2 protein chains.
Amino acid sequence: MNEIKLFCPATIANVSCGFDVLGLCLESTGDEMIIRKTSQKGVRISKITGQELPLEAQKNVAGVAVLAMLNEIESDFGFEIEIIKKIKPGSGIGSSAASAAGAVYGVNLLLDKPFTKNQLVAFAMQGEELASGAPHADNVAPALLGGFTLVKGYEPLEVLKLNTPKELFATVIHPQIEVKTADARSVIKQNIPLKKAIKQWGNLAGLVSALYTEDYDLISRCLHDEIVEPMRSPLIPGFHKVKEAAKEAGALGSGISGSGPSIFALSKGGETAKKAAKAMAEVYKDFGVDYDIHVSKINTKGVRLL
Amino acid sequence: MNEIKLFCPATIANVSCGFDVLGLCLESTGDEMIIRKTSQKGVRISKITGQELPLEAQKNVAGVAVLAMLNEIESDFGFEIEIIKKIKPGSGIGSSAASAAGAVYGVNLLLDKPFTKNQLVAFAMQGEELASGAPHADNVAPALLGGFTLVKGYEPLEVLKLNTPKELFATVIHPQIEVKTADARSVIKQNIPLKKAIKQWGNLAGLVSALYTEDYDLISRCLHDEIVEPMRSPLIPGFHKVKEAAKEAGALGSGISGSGPSIFALSKGGETAKKAAKAMAEVYKDFGVDYDIHVSKINTKGVRLL
């Protein structure tokens, strides 16, 4: 195997009640990536289509993630990476994570799998650090492991794959508005009331239970964010209208995808997810704001060969 | 059925990472309660053995819980309750919850079960309000439902029964020291750092996942309390030594039971739980502090007929 082609999925981080710990992997939207072995050692980004992004390995999230990996292993050969970018950077559905996760998954495969998926998460986090200044795992974990994932903790890094209920579908709408990462961060208060934290962990623990028991009504009752949504939602025009529209269309619940501006909804069944998509899109049509919209099964495999 | 005799189990609230939401039910320690139908309507506490507690129904947790229940239903007859108190009040293993849960469970049975267990939780909480000033459910929920329970939230009240791994055992040591409830409460800070909350919900979500997958090593890695244990443990002399002793004896983890002073440990298998008991007891022997100690399977049924 000297050349592989990969699907690098988009992901939703936080999932309402799981700020900084929960994530899930999408099926219908993602990048593609081609990785070739080269006689020249190291890593080279040969081509990027679809977006203007740096080719220099040290300045590219895929490059940085692979460099972190190659630091830990001897290899007689190197790698050339071609990225077909379909996820828009800054959309809040794990654009940088898809590139970082895809690159380390592919290079690991070409090296005959010296690293576990959990180790790959740690390397991919280096790409996230380049992209956002913080080496977080809440997008790269679902991109690599698939399904619903939990970042149990960072010291040491431990990532768990949770059960994914079979009929669960996601809708994601990306309004073409810019939310600056710096703004999305600066609104987060560093101290929170204990009472709200208790509500949040009741919802999060309830959601994890509901994922295992595949109890869709309980999922719906747990999809609330007491902490971050009230801080960040003012940055996303139309947020509450989109939430209402999704709920009225039958979605189980909805919230900010990652740090936004994308808004996700979860539904039982593809039909309801499509209805939610239509209703959510109407809101931005009325606002005259352009948008992309995706309806997707939960992808339980993560990055995969094409 | 005119008279029933019940076992009213002790419970452990919080379980390290689940402050105010998690609880579990014990098998080897609890009160007994006899409830008889009487022609006189209302509720009467006829006798309490084992502890000095008020007989007046309005001042007794069992009485108050039953009164809350009888407020919601017409009954042609009344009830007489005899309590054989074996759990020491103030020990931190749900003494008041056992009485409140037992009384509403028994009266519901004698009334031919008009209420669900979840409704019973709401009535039993009224007993807790009398005992501690706050109508909390984290002890009455496991006492009524058995196993591991989650108080998902209070508005509206929703209590979930989680899976209980089959080989899980609890050890609880009750050092004969007084921790005043007022002190146990006043040390709790009402604002907490978001970073610590995130660690806590990673551990709690991990623990819930581990309960379903019956992953004992993961249970062990999740039994940490970033929030309340550091605030309350200074009130319990020897706490850290007991924790160390339990861990060295092979326990999965340990923490404060409820608001203390009891300390619990969880172990895989009864033998390890006994070893943990011996090691934990040694600490208080050395300190010259009297103690009670219990080793128990997790009771997956909750309150039951004897």
Side-chain angles (χ1 to χ4, degrees), chain A residues 14-15 17-23 134 136-138 141 148-163 185 188-215 217-219 221-222 224-228 231, chain B residues 14-15 17-23 134 136-138 141 148-163 185 188-215 217-219 221-222 224-228 231:
Chain A
N14 300 344
V15 198
C17 53
F19 179 65
D20 265 8
V21 299
L22 272 191
H136 61 100
D138 41 351
F148 269 88
T149 56
L150 173 73
V151 183
K152 191 247 163 205
Y154 286 98
E155 291 157 7
L157 175 67
E158 182 168 2
V159 166
L160 304 172
K161 184 169 179 173
L162 308 175
N163 186 60
R185 276 203 206 154
I188 305 282
K189 297 187 185 83
Q190 292 312 310
N191 282 289
I192 59 171
L194 179 59
K195 273 193 181 171
K196 284 196 180 182
I198 292 168
K199 277 194 186 180
Q200 186 95 338
W201 60 60
N203 283 324
L204 175 59
L207 180 61
V208 174
S209 174
L211 293 177
Y212 281 99
T213 58
E214 308 206 358
D215 181 337
D217 290 335
L218 179 56
I219 290 173
R221 294 195 299 277
C222 293
H224 300 290
D225 178 357
E226 301 286 335
I227 311 284
V228 174
M231 303 177 193
Chain B
N14 298 345
V15 198
C17 52
F19 179 66
D20 266 7
V21 299
L22 272 190
H136 60 100
D138 41 350
F148 269 88
T149 56
L150 172 73
V151 184
K152 189 249 163 202
Y154 286 99
E155 290 156 11
L157 176 68
E158 181 168 1
V159 166
L160 305 172
K161 185 168 179 175
L162 309 175
N163 186 59
R185 277 204 205 156
I188 305 282
K189 297 186 186 86
Q190 292 312 311
N191 282 289
I192 59 172
L194 179 60
K195 272 193 181 171
K196 283 194 179 183
I198 292 168
K199 276 192 186 181
Q200 188 93 338
W201 60 60
N203 284 323
L204 175 58
L207 180 61
V208 173
S209 175
L211 292 177
Y212 282 99
T213 57
E214 308 208 357
D215 180 337
D217 290 335
L218 179 56
I219 291 173
R221 293 195 300 276
C222 293
H224 300 291
D225 178 357
E226 300 285 336
I227 311 283
V228 174
M231 302 176 193

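What you are looking at is a predicted structure, and each value in this text was computed from that prediction instead of being measured. Convention: sequence-line order gives letters A, B, ...; per-chain numbering from 1. In what follows, every heavy atom counts, from backbone to side chain, and hydrogens, waters and symmetry copies are set aside.
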Next on the checklist: With a 4.5 angstrom heavy-atom cut-off, is it the side chain or the backbone of A:L162 that approaches chain B, or both, or neither?
Outcome noted: side chain
Next on the checklist: Counting heavy-atom pairs closer than 4.5 Å to chain B, which one of A:Q200, A:K196, A:E155 comes out on top?
Outcome noted: A:Q200
Checklist entry - So, are A:K195 and A:E226 salt-bridged, with charged N and O less than 4.0 Å apart? => result no
Checklist outcome for this item: Applying a strict 4.5 Å limit to non-hydrogen atoms, the region of A:I198 in contact with chain B is both
Checklist outcome for this item: Given A:P193, A:G206, A:A197, A:S209, the one with more heavy-atom pairs under 4.5 angstrom with chain B than any other is A:S209
Item to check | B:W201 side-chain N/O to A:F19 backbone N/O, donor-acceptor pair under 3.5 Å | outcome: yes
Checklist entry - Do A:V208 and A:F148 have side chains that get closer than 4.5 Å, going by heavy atoms? => result no
Item to check | Reported CD1-to-CG distance for the pair B:I192 and A:N191, which is rounded to 0.5 angstrom | outcome: 8.5 Å
Checklist entry - What are the two closest heavy atoms between A:L207 and A:C17, and how far apart are they? => result CD2-SG, 3.6 Å
Next on the checklist: How close do B:D20 and B:Y154 get, counting heavy atoms only, and between which atoms?
Outcome noted: O-OH, 4.3 Å
Item to check | Interface residue of largest heavy-atom contact number with chain B, from A:L22, A:V228, A:I188, A:L218, under 4.5 Å | outcome: A:L218
Item to check | Residue B:K189 versus chain A: region with a heavy atom under 4.5 Å | outcome: backbone
Checklist entry - Hey, which of B:L211, B:I227, B:L194, B:L204 has the most heavy atom pairs under 4.5 Å with chain A? => result B:L194
Checklist outcome for this item: Max heavy-atom pairs within cutoff under 4.5 Å with chain A, candidates B:N163, B:V151, B:N203, goes to B:N203
